[in-house]
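Throughout, residue positions are numbered sequentially from 1 according to the sequence presented. The shown structure was predicted, so the numbers you read here are calculated from the model rather than taken from an experiment.
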Amino acid sequence: MKIKVGLLALVLFLLMGSVSALAAPKYNTFERPARGSAYTLAQWGLDGWSAPWDLGMSTRTWMDGYNFNHSGGQSLRVFYPAGQIDPQNSGAQAPFTLTPGQEYYLSYWVRFSSDFSWGTTEHAGKLGLGLAGGGACSGGQECTGYNGFSSRMIWRAGGQAAIYYYHMGNAGQYGDYAVLKNNGADIYYPRGSWVNIVQRLKVNTVTAGNANPDGEIQIWYNGVSAANITGLRFVRNGDLVDKAYFSSFFGGATSAFAPQNDSYIWYDDLKVSTNKNDICELSPGGCFTRTFQAESYNAMSGVMTETTPDTGGGQNVGGIDNQDWIAFTGVNIPTSGRYLVEYRIASPNDGGKLSLDLNGGATVLGEIDIPKTGSFSTYRTVSHEVNISAGTYQFGLYAVTGGFDINWWKITKLY
């Protein structure tokens with residue numbers, strides 16, 4: 001009886017551990033460090049992403065808080081110099097550690113520069129992050145089932161989108177690839193606009209040292225299934241998915257693959273999870289988001305509205321002094337989770353602070369420092385992350401320390 005009770009306790013402990021793991025995906029909205037700085041491996045580490053090594057993170061990354069972002073006020077820009085190939089000289093690379101798992105989902109948003117060069121006379125490059133395990137077999141290696149596997153996004157001629165993967169059944173020396181499709185037509189990455197890519201990789205099972213052909217890779221492009229590869233054999237041993245592999249560079253083995261001009265790719269809203277439900281980009285309608293014009297408040301204290309000089313025109317809320325506030329009633333949050341809250345602000349002053357609360361201050365969700373933007377005519381988007389339970393609320397924006405204007409604010413679900 002004692003043995004059975006002990007066994008039951010162990011099972012419950014493992015199940016609780018599994019639920020806990022599912023409840024905590026890794027994500028990165030690239031809202032820090034300060035815009036204009038490099039996003040070094042050490043900075044990745046401060047945001048919870050660790051890797052044993054990197055290439056290019058200190059020299060070819062830049063926190064962009066000036067030009068383009070998918071959400072929040074910043075994104076990660078990676079540089080691909082003209083004439084350069086391989087990760088020593090192009091883009092960036094780092095194998096970020098994941099808790100080993102049989103199956104993972106990986107999502108990120110990506111934007112190619114408007115003049116992005118797909119190559120010179122040859123056209124191929126690695127894009128963003130992929131999933132890998134064990135020895136991360138790649139680079140022309142033979143995948144034996146004991147040296148791991150890898151699966152990464154690539155571009156081909158004209159920006160043709162494809163998934164490039166190494167497994168035990170490679171047709172040739174190098175990995176296999178599958179072109180992404182939408183209703184039978186090849187997908188091509190656009191220049192100058194954001195797209196979302198989600199990858200799912202499930203490692204095959206192993207029986208008595210033999211790899212069963214039940215591994216899978218699936219790709220979604222802007223929420224629509226674009227590739228589904230089954231019958232794969234990745235491993236003969238106990239290797240699982242244990243890396244979110246940032247591996248983005250031009251090449252190819254020769255300079256014929258190099259870009260003809262300096263090129264850039266922006267990345268934003270990175271997520272990795274063993275639970276599909278954490279990837280809201282795959283939910284019907286995508287991730288919940290709602291934007292509120294500041295002047296559309298339902299109640300206020302101490303503020304005024306005025307014509308805004310910000311992009312898009314309209315009005316903003318100004319005259320915000322210490323302890324002033326605006327409130328928005330009847331705001332429905334459909335599901336509990338982690339949310340990114342953005343504010344479009346302008347301030348000639350240092351030291352501003354804004355608090356976000358529910359139901360007249362009954363619940364304070366979080367506070368954010370308001371930076372000096374230069375003037376009341378110079379706007380910038382700032383953001384913070386908060387946990388919100390499902391329900392319908394009055395949201396309040398309370399000036400702990402005033403001296404700034406607000407044009408709009410926005411809520412977006414992260415997971």
Side-chain angles (χ1 to χ4, degrees), residues 18 22 25 98-108 124 126-138 140-156 160-189 195-245 247 271-279 281-284:
S18 175
L22 290 176
L98 300 177
T99 301
Q102 191 81 26
E103 179 181 45
Y104 263 97
Y105 291 81
L106 165 69
S107 173
Y108 57 90
K126 314 300 186 297
L127 175 65
L129 292 97
L131 294 170
C137 178
S138 63
Q141 294 176 315
E142 177 187 0
C143 298
T144 64
Y146 301 104
N147 60 345
F149 55 90
S150 61
S151 177
R152 297 168 290 174
M153 302 306 301
I154 60 170
W155 68 81
R156 293 172 56 80
Q160 185 186 55
I163 178 67
Y164 178 64
Y165 55 101
Y166 275 77
H167 61 117
M168 291 171 61
N170 289 350
Q173 177 184 357
Y174 295 94
D176 290 333
Y177 73 91
V179 174
L180 305 193
K181 302 279 187 179
N182 184 4
N183 292 323
D186 292 359
I187 293 174
Y188 286 81
Y189 298 119
V195 297
N196 175 246
I197 296 168
V198 178
Q199 178 182 164
R200 165 185 167 263
L201 190 149
K202 186 181 80 171
V203 179
N204 62 275
T205 59
V206 178
T207 304
N210 294 313
N212 299 316
D214 55 6
E216 299 177 2
I217 296 172
Q218 190 170 5
I219 306 297
W220 290 263
Y221 183 88
N222 287 338
V224 178
S225 183
N228 191 15
I229 307 162
T230 60
L232 296 172
R233 297 184 305 136
F234 295 111
V235 301
R236 302 176 191 269
N237 57 12
D239 284 344
L240 299 172
V241 180
D242 60 14
K243 298 175 185 65
Y245 200 177
S247 182
K271 305 173 190 178
V272 187
S273 179
T274 57
N275 186 357
K276 182 179 179 180
N277 292 333
D278 288 330
I279 310 299
E281 283 83 356
L282 298 183
S283 301

Pick one: which of L201, V203, V272, L240 meets side-chain contact (heavy atoms from CB on, under 4.5 Å) with Y104? V272
For the atom pair OH (Y165) and CE (M153), what is the distance rounded to the nearest 0.5 Å? 12.0 Å
Could you list all the salt bridge (Lys or Arg N to Asp or Glu O under 4.0 Å) pairs where at least one residue sits in residues 171-184, not counting sequence neighbours? K181-D186
Not counting sequence neighbours, which residues clear ring pair (Phe, Tyr, Trp, His ring centres under 6.0 Å) with Y105? List them please. none
If I take atom CG from residue L129 and atom CG from residue L106, how far apart are they, to the nearest 0.5 angstrom? 5.5 Å
From CA spacing to verdict: side chain to side chain contact (heavy atoms under 4.5 Å, CB included), V198, L282: CA-CA 8 Å; V198 178; L282 298 183; 3.9 Å; yes
Using every non-hydrogen atom in the two residues, find where I279 and S273 come nearest and quote the distance to one decimal. CD1-CB, 4.4 Å
Yes or no on side chain to side chain contact (heavy atoms under 4.5 Å, CB included) for L131 and L98, after CA distance, side-chain angles and deciding distance? CA-CA 10 Å; L131 294 170; L98 300 177; 4.3 Å; yes
To the nearest 0.5 Å, atom NE2 of H167 lies from atom CD1 of I229 at 8.0 Å
Write out all pairs satisfying salt bridge (Lys or Arg N to Asp or Glu O under 4.0 Å) with one or both partners inside residues 219-241, taking only residues at least two apart or from two chains. none
Side-chain contact test, heavy atoms from C-beta onward, threshold under 4.5 Å: evaluate it for N204 versus V235 and give yes or no. yes
Separation between CG (N277) and OG (S283), nearest 0.5 Å, reads 7.0 Å
Selection residues 222-244 - residue pairs positive for ring-ring contact (aromatic ring centres under 6.0 Å, His included), sequence neighbours left out: F149-F234
N170 side chain to C143 main-chain N or O, any donor-acceptor pair under 3.5 Å? no
Does Y245 have any side-chain hydrogen bond (donor to acceptor under 3.5 Å, both in side chains) partners at least two apart in sequence or in another chain, and if so, which? Q93
Considering residues at least two apart in sequence or located in another chain, which fulfil the side-chain hydrogen bond (donor to acceptor under 3.5 Å, both in side chains) criterion with T99? none
Would a 4.5 Å heavy-atom cut-off, applied to side chains only, mark S107 and I197 as touching? no
Output every pair passing salt bridge (Lys or Arg N to Asp or Glu O under 4.0 Å) with a member in residues 162-173, not counting sequence neighbours, ordered by first then second residue. none
Rounded to the nearest 0.5 Å, how far apart are CD1 of I163 and CD1 of I217? 5.5 Å
What distance separates I154 CD1 from S247 OG, expressed to the nearest 0.5 Å? 11.5 Å
Side chain to side chain contact (heavy atoms under 4.5 Å, CB included) with A161: which residues, sequence neighbours excluded? L180, I187, Y189
State whether a side-chain donor-acceptor pair under 3.5 Å links S151 with Q199. yes
Does the side chain of Q160 reach to within under 4.5 Å of the side chain of W155, using non-hydrogen atoms? no
All side chain to side chain contact (heavy atoms under 4.5 Å, CB included) counterparts of S138, not counting sequence neighbours: S150, R152, Y166
Can you sort out the partners of D242 under side-chain hydrogen bond (donor to acceptor under 3.5 Å, both in side chains), two or more places apart, ordered by chain and number? none
Identify the heavy atoms of A226 and Y221 that sit nearest to each other, and give their distance. CB-CB, 4.0 Å
List the residues meeting side-chain hydrogen bond (donor to acceptor under 3.5 Å, both in side chains) with K271, not counting sequence neighbours, and say none if there are none. E281
Under a 3.5 Å distance rule, please check whether N147 uses its side chain to pair with a backbone N or O of G134 as donor and acceptor. no
With side-chain hydrogen bond (donor to acceptor under 3.5 Å, both in side chains) as the rule and sequence neighbours excluded, what pairs involving residues 209-218 come up? R200-E216, T205-N212, T205-D214, T207-N212, Q218-S225
